[in-house]
Amino acid sequence: MRVAILVLGIIGSVMALAFGACAGACAGAIGGMGDAIEQGVTETAEESGEELSDEDKAALAELQEGLAEFDAGTDEAASEIGNVAMFASAQGILGLIGSIMAFIALGKGNKATIGGVLILMAVVVSLWAGNFPSIGLSNVLQLIAGILAFVAAPAAAAAAVE
């Protein structure tokens, strides 16, 4: 059972870390997108500033105002996705540490209480990821590993090693 805890914990942690890395990359792309678009429009307006009529200047000012709102929206979206990435990475790290601690404790013939608590904390941390309902399969795998860590009999695990 201790090997099952380790395998489930590691697979769940790798999935959570991969999700966190992907969400972090998306947050970075979204955060830079608004700035790049606004900079492009501003440079274009500066280059053709003298050639524009009054109507075009008014339309350009309206466009720049809309882009400022768009930029604020992308910053907010990047912040929320960054929080999801942070919590997914925390889930991966806590789950990995907890499953290794449970594996070692059961191998020595002790209860895996600390490891089980860390694994279950990883599941709870992933649920704090904002509006995102959960990280999915990694939650299920780590939840099963956490329950197994509390249910596993330490004497049987130590006897199986010898």
Side-chain angles (χ1 to χ4, degrees), residues 1-42 65-162:
M1 187 175 293
R2 74 188 204 123
V3 174
I5 294 169
L6 183 67
V7 169
L8 290 172
I10 288 175
I11 291 172
S13 294
V14 167
M15 291 176 69
L17 288 171
F19 182 81
C22 182
C26 290
I30 289 174
M33 183 173 59
D35 293 335
I37 291 172
E38 188 175 8
Q39 181 181 4
V41 169
T42 303
E65 182 180 312
L67 285 174
E69 291 175 17
F70 176 76
D71 188 33
T74 57
D75 289 346
E76 183 179 329
S79 174
E80 287 189 26
I81 295 174
N83 285 338
V84 171
M86 179 184 64
F87 284 121
S89 300
Q91 177 196 6
I93 293 168
L94 280 172
L96 187 63
I97 292 170
S99 61
I100 291 171
M101 287 181 68
F103 180 79
I104 292 171
L106 289 172
K108 291 181 179 179
N110 300 327
K111 288 189 148 252
T113 307
I114 295 174
V117 167
L118 285 175
I119 295 170
L120 293 179
M121 278 178 50
V123 174
V124 170
V125 161
S126 73
L127 297 176
W128 284 340
N131 295 333
F132 195 75
S134 69
I135 296 177
L137 186 59
S138 61
N139 276 358
V140 174
L141 294 175
Q142 288 183 342
L143 185 61
I144 293 170
I147 292 169
L148 288 177
F150 284 112
V151 173
V161 173
E162 296 173 2

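Fair warning: this is a prediction, and the values are worked out from it, not measured in the lab.
Shortest non-hydrogen contact noted between F150 and L120 is CE1-CD1, 3.2 Å. For the residue pair A145 and G9, the shortest heavy atom distance occurs at CB-N, 4.0 Å. N139 and S126 make their closest contact through OD1-OG, 2.6 Å (heavy atoms, listed as atom of the first residue, atom of the second, distance). Minimum heavy-atom separation, A78 to I30: N-CG2, 4.1 Å. Taking all atoms of both residues into account, the shortest heavy-atom contact from R2 to G107 is NH1-CA, 2.8 Å. In this structure, S138 and G12 approach most closely via the heavy-atom pair CB-O, 3.2 Å.
Atom CD in Q91 sits 11.5 Å away from atom CG in L96 (nearest 0.5 Å). Between the CE atom in M86 and the OG atom in S89 there is a gap of 9.0 Å [rounded to 0.5 Å].
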Can you give me every donor-acceptor pair (side chain of residues 18-29, partner residue at least two apart or in another chain, under 3.5 Å) with its distance?
none

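Judged as a side-chain hydrogen bond (donor to acceptor under 3.5 Å, both in side chains), not a single pair has a partner in residues 114-123 (not counting sequence neighbours). Annotation: side-chain hydrogen bond (donor to acceptor under 3.5 Å, both in side chains) contacts involving residues 5-29, sequence neighbours excluded, comprise S13-Q142. Sequence neighbours left out, not one pair with a member in residues 114-123 passes side-chain hydrogen bond (donor to acceptor under 3.5 Å, both in side chains).
Between L106 and N110, every side-chain heavy-atom pair lies at or beyond the 4.5 Å cut-off. Side-chain contact check for L94 versus I119: every heavy-atom pair is 4.5 Å or farther apart.
Take L6 and apply the side-chain contact (heavy atoms from CB on, under 4.5 Å) test, not counting sequence neighbours, and it matches I10, S99, I100, F103. Taking the side-chain contact (heavy atoms from CB on, under 4.5 Å) definition, one finds that M101 meets it with I97, I114, L118, sequence neighbours left out. Taking V7 as the reference, V3, I11 meet the side-chain contact (heavy atoms from CB on, under 4.5 Å) condition, with sequence neighbours excluded.
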